[in-house]
Amino acid sequence: MGLLIASLLQLAALTAQAPPPPETPRPLSFQATLDAIRITVRPGQVATRQFRLTLDRDQQATQFKARVEDWWRSVDGKQSFYAEAGTLRRSCGQWVSINPVESSVKPGETLTIRITVTMPVEVQVGGFWCALTVDEVPDPLEAAGEGVGVRFVASVSTGIFVYVEPVQREAAILAIRLDGDEARIQVRNDGNAPLAIEGRIEFFAPEMTTPLATTELGRRTVLTEPSREGMLTAKLPSARVLPSGRYRVRAVLDFGADHYVGAERELELVRGEVQERAAVP
Amino acid sequence: MKVGPPTRYLAGLLALAMSSTAGAQTTVTLPDTSQTTTMSANVSEQARVTVPATVTFSVTNIGVSTAATAASVTADQIVTSSAAKQLRISLQANAASFTPPVAGSVTWSAADVSWNAATWTNATGTAATLSNSSYNTVATCQADATSCSTTGLVFTLGAKPTVQRSGAHTLVVTWKFEGI
């Protein structure tokens, strides 16, 4: 009996010392600067910029690791690819240094990373690019979850664009398409530097000189490699504003030069069924 | 006759009234109230993001696909340099397949995970499949939106009838926020 009580007491003591069960990790929350770094430099020049990331106050201390890598996007813009700096011919990765590379950030603290671009004396003209990536480093001590699951980490990337004059900015519109409720403008970069392209699409009824509707195109960066082409997309105005019919569709794009580029095409637009809203009594 | 700003006269009268009680008069040069100080704030493009730390699939039948509980993703305090610039949220797996509980045993590949085109506030959701070679878009916040969010992002794990080991099958996946 005495042995049983002793065993029970020992078990109780062990239970009291046992670590608490792993908690469900809380969502990661932070604020970061997202400025793409765009600098026009001369050969041999040095330029510095900063990136900041502030961890929310209710977070646990988190480790972050920064690196410079090459970056590009699929023609439709739905996929981004990252690779070791130097993968692309027009990579600026070899000229960029960062400090610090790895750092632990406490709740409410701000991580500041200094980015230094040191240009060689001899360099080709035109645009070069790479990306600063700051990754959350998974905590190796964090307990693996039970069952089948995904553990998320967060990453922020900001573009670094380096321009060496003379920079040629040239763009061409290859196609204008209407697909479902989306308008798509396919463009080609004919210059020697990445282009940040934005603009609008105007819809004209036949014989009309003022547009029936206009929609803005989200900004898209179109590079010079691995593909010179890119797609700008915009959601079409509602079917009430722009019902099915034949329209002259005009795209007007601003690509950072001293002039815009435009193209116009007559297209048949077929909309889905318009849902009439029930009348309010 | 030149007429100065009213504040100068008020200040001058005040100085005169005070001088009657003082022993000696002193000429004081009053600052020109028309001078201004310009204050400027340099605001960076920025956003605050909140993403889930984990998603768990309760797999009770390996022969059919399993949906996880809907996850929430939020991006707020969005500041951009242009009304046309958009914040893009995407995902990439850090490995080609899950890590099985027993080394070498059959497990799911990253491509077995997919997500829905969730309903987002101020964003367009995109359905896609997870990849370990590219970041695939989850959502693109609307141009000029100050925040975008969803509470209905559902991840689905495909059927894998060849899995033989129970336990923890885990995969690390990266949320990417791009300012490019």
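Here is the naming used below: chain letters follow the sequence lines, and residue numbers restart at 1 for every chain.
- For a residue to count as touching a neighbouring chain, one of its non-hydrogen atoms must lie under 4.5 Å from one of that chain's; by this rule B/S133 touches chain A with the backbone only.
- In terms of heavy-atom proximity, B/Q46 sits nearest to A/Q31 at OE1-NE2, 2.9 Å.
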Worked verdict on B/E178 versus A/R73 for side-chain contact (heavy atoms from CB on, under 4.5 Å) = CA-CA 11 Å; B/E178 290 172 326; A/R73 205 169 267 175; 2.7 Å; yes
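- Using a 4.5 Å cut-off between heavy atoms, B/V51 touches chain A through backbone and side chain atoms alike.
- At a 4.5 Å heavy-atom cutoff, the contact between A/L217 and chain B is made by backbone atoms alone.
- At a threshold of 4.5 Å between non-hydrogen side-chain atoms, the residues A/E136 and B/W175 do not count as touching.
- A/D135 and B/K176 get closest at one heavy-atom pair: OD1-NZ, 4.5 Å.
- Between B/T170 and A/V150, the closest side-chain pair of non-hydrogen atoms is not below 4.5 Å.
- At a cut-off of 3.5 Å, with distance as the only test, a side-chain donor of B/R88 or A/S80 sits close to an acceptor on the other residue.
- Atom CZ of A/R228 is surrounded by more than 12 heavy atoms from other residues, nucleotides or ligands within 6.0 Å.
- For the pair A/D35 (side chain) and B/E45 (backbone), a donor-acceptor distance under 3.5 Å is present.
- Interface remark: B/D76 contributes no atoms to any contact with chain A (heavy atom separation under 4.5 Å).
- Proximity to chain A (any heavy atom under 4.5 Å) is restricted, for B/F98, to the side chain, taken from C-beta onward.
- When heavy atoms are compared at a cutoff of 4.5 Å, A/Q79 approaches chain B by way of both its backbone and its side chain.
- Considering OG of A/S157 and CZ of B/F177, their distance stands at 11.5 Å, rounded to 0.5 Å.
- Looking at B/L157 and A/V148, their side chains come closer than 4.5 Å, going by heavy atoms from C-beta outward.
- For the pair B/T174 and A/A154, the tightest heavy-atom approach, listed with the atom from each and the gap, is CG2-C, 4.3 Å.
- Donor-acceptor pairing under 3.5 Å is lacking for the side chains of B/T137 and A/K78.
- Proximity to chain A is absent for every atom of B/I78, based on heavy atoms less than 4.5 angstrom apart.
- Contact count against chain B (heavy-atom pairs under 4.5 Å) is highest for A/G149 among A/G199, A/G77, A/G149, A/P194.
- For B/A143, no part lies under 4.5 angstrom from a heavy atom of chain A.
- Of all heavy-atom pairs spanning A/G218 and B/Q86, the tightest one is CA-OE1, 3.3 Å.
- Ranked by non-hydrogen atom pairs under 4.5 Å with chain A, the options B/T80, B/T124, B/V172, B/V49 are led by B/V49.
- The most heavy-atom pairs under 4.5 Å with chain A, out of B/T56, B/T99, B/T66, B/V55, come from B/V55.
- Using the six-membered ring where Trp is involved, B/F155 and A/F152 have ring planes that are tilted, between 30° and 60° apart.
- Residue contact with chain A, scored on non-hydrogen atoms closer than 4.5 Å, involves the backbone and the side chain of B/S134 alike.
- B/T50 and A/S29 share a donor-acceptor pair across their side chains, judged by distance under 3.5 Å alone.
- Heavy-atom pairs under 4.5 Å with chain A were tallied for B/Q142, B/R48, B/Q92, B/Q77; the largest tally goes to B/R48.
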